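Structure first, then comments.
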Amino acid sequence: MSSLYLLHKPYQMLSQFTDTQGRATLASVIDVPGIYPAGRLDYDSEGLLLLTDDGALAHRISHPRHKQPKTYWVQVEGEPEEAALHALRRGITLKDGPTRPAQVRRLEASGIAGIAPRQPPVRHRNAIPTAWLEIVLGEGRNRQVRRMTAHVGYPTLRLIRVAIGAWHLDDLAPGNWRKETLHAPRRKASTPVRRHRSRR
């Protein structure tokens, strides 16, 4: 039996518990002894971060060999043309090599209605429209989503990770978390079977 904590990491917060430069850390939103992040989420990105005190579970979640798909909702500058989306789906070549094909679809306004406003908000420019995409990756390079959208001409303005494998952000507000208890054998720890909710 293992415990997993699902946290909605806020914008401009490090995916760690300490920092020597005075930046916001996880210590300000979750106070559970002995846990650590299973993977990372950039300082300027938001959304789902998984934490646990089980090293084997953390390895299974974060190691590339296990290929946990990660789902992102991405606000980009401009209205992407279908050719750009097709390029992302096919795979593009970045400075560190070609990406694997991604699942990409447009998100309608009704699909993002429940997203909490970012603090501070994304800068709004009347002359430049924005659009939301859902991007699912089977790999996790440094700042990959941002580099991919910039490569096809649509810079990322806001990035929210909404799922890692079978785990979903659901209705967690920024800074809130919930706990799940896993009863499956650790080699199959990606399947949660009992959930306990806990909020800040």
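All values derive from a computational prediction rather than experimental measurement.
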Quick one: do Trp167 and Glu180 satisfy side-chain hydrogen bond (donor to acceptor under 3.5 Å, both in side chains)? Show the steps, please. CA-CA 10 Å; Trp167 294 287; Glu180 294 187 356; 3.1 Å; yes
Would Lys70 and Arg161 count as a side chain to side chain contact (heavy atoms under 4.5 Å, CB included) here? Give the steps. CA-CA 7 Å; Lys70 297 178 176 64; Arg161 186 162 66 194; 3.9 Å; yes
Audit row: Met13, Tyr43, side chain to side chain contact (heavy atoms under 4.5 Å, CB included) steps and yes/no: CA-CA 5 Å; Met13 176 175 286; Tyr43 178 73; 5.5 Å; no
Take Arg147 and His151 through the test side-chain hydrogen bond (donor to acceptor under 3.5 Å, both in side chains) and record every step on the way to the result. CA-CA 6 Å; Arg147 292 191 291 141; His151 183 88; over 6 Å; no
Determine, step by step, whether Leu7 and Leu48 satisfy the side chain to side chain contact (heavy atoms under 4.5 Å, CB included) criterion, reporting the C-alpha distance in whole Å, the side-chain angles of both residues, the deciding distance to 0.1 Å, and the verdict. CA-CA 6 Å; Leu7 169 70; Leu48 183 60; over 6 Å; no
Mind running side chain to side chain contact (heavy atoms under 4.5 Å, CB included) on Thr99 and Gln144 for me, showing each step along the way? CA-CA 9 Å; Thr99 66; Gln144 181 173 347; 3.9 Å; yes
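Distance alone, capped at 3.5 Å, places no donor-acceptor pair between the Thr156 side chain and the Arg158 backbone. Remark: side-chain polar atoms of Gln16 are paired, donor with acceptor, to backbone N or O of Thr18 under 3.5 angstrom. Between the side chain of Tyr11 and the main chain of Leu159, no donor-acceptor pair closer than 3.5 Å is present. In terms of modelled atom types and a separation under 3.5 Å, the side chain of Ser45 and the main chain of Leu41 share no donor-acceptor contact. Remark: the backbone N or O of Pro120 is paired with a side-chain donor or acceptor of Arg118 at under 3.5 angstrom. Looking at Asp170, its side chain never comes within 3.5 Å of a backbone N or O of Leu172 through a donor-acceptor pair. Put simply, the side chain of Tyr72 never gets that close to the backbone of Gly47: no donor and acceptor are under 3.5 Å apart. The backbone N or O of Phe17 sits less than 3.5 Å from a side-chain atom of Thr25, completing a donor-acceptor pair. Between the side chain of Asp42 and the backbone N or O of Asp44 there is no donor-acceptor pair closer than 3.5 Å. Distance alone, capped at 3.5 Å, places no donor-acceptor pair between the Arg106 side chain and the Leu133 backbone.
A 4.5 Å side-chain heavy-atom check between Met1 and Leu182 finds every atom pair outside the cut-off. Within the 4.5 Å cutoff, the side chain of Val76 has no heavy atoms near those of the Leu157 side chain. Proximity of Glu46 to Pro10: side-chain heavy atoms (C-beta onward) are nowhere separated by under 4.5 Å. Counting heavy atoms from C-beta outward, Glu134 and Val74 have side chains that stay 4.5 Å or more apart. No side-chain heavy atom of Arg89 sits under 4.5 Å from any side-chain heavy atom of Pro101. Between Met148 and Leu137 the shortest side-chain heavy-atom distance falls below 4.5 Å. A heavy-atom distance below 4.5 Å is found between the side chains of Glu81 and Tyr154. Within the 4.5 Å cutoff, the side chain of Leu49 has heavy atoms near those of the Leu26 side chain.
Taking CG from Leu6 and NE2 from His168, the interatomic distance works out to 10.0 Å, rounded to the nearest 0.5 Å. The structure places CD of Gln21 at 8.0 Å from CG of Leu14, a figure rounded to the nearest 0.5 Å. Leu51 CG to Leu57 CG: the interatomic distance, rounded to the nearest 0.5 Å, is 11.0 Å.
Within a 6.0 Å sphere centred on CD of Glu139, heavy atoms belonging to other residues, nucleotides or ligands number more than 12. For CD of Glu82, the number of neighbouring non-hydrogen atoms (other residues, nucleotides, ligands) closer than 6.0 Å is greater than 12. Atom CG of Asp96 is surrounded by more than 12 heavy atoms from other residues, nucleotides or ligands within 6.0 Å.
Linking Ile, Leu, Val, Met, Phe, Trp and Tyr whenever their side-chain heavy atoms come within less than 4.5 Å puts Val145 and Leu85 in one cluster. With hydrophobic clusters built from ILVMFWY side chains whose heavy atoms lie under 4.5 angstrom apart, Ile30 does not share a cluster with Tyr36. The same ILVMFWY cluster, assembled from side-chain heavy atoms under 4.5 Å apart, contains both Ile160 and Leu50. Residues Leu169 and Ile115 share a single hydrophobic cluster, defined by chaining ILVMFWY side chains whose heavy atoms lie under 4.5 Å apart.
The two atoms that bring Ala38 and Ser62 nearest to each other are C-CB, 3.9 Å, heavy atoms only. When all heavy atoms of Ser3 and Lys179 are compared, the closest pair comes out as OG-CE, 3.3 Å. Gly97 approaches Arg141 most closely through the heavy-atom pair O-NH1, 3.0 Å. Between Val152 and Ala87, the shortest heavy-atom contact is CG1-CB, 4.1 Å. Heavy-atom minimum distance, Ile128 versus Gly78: CG2-N, 4.3 Å.
Glu77 and Thr130 share no donor-acceptor pair across their side chains, judged by distance under 3.5 Å alone.
Screening Ile61, Ile35, Thr181 for a side-chain contact (heavy atoms from CB on, under 4.5 Å) involving Leu4 leaves a single residue, Ile61.
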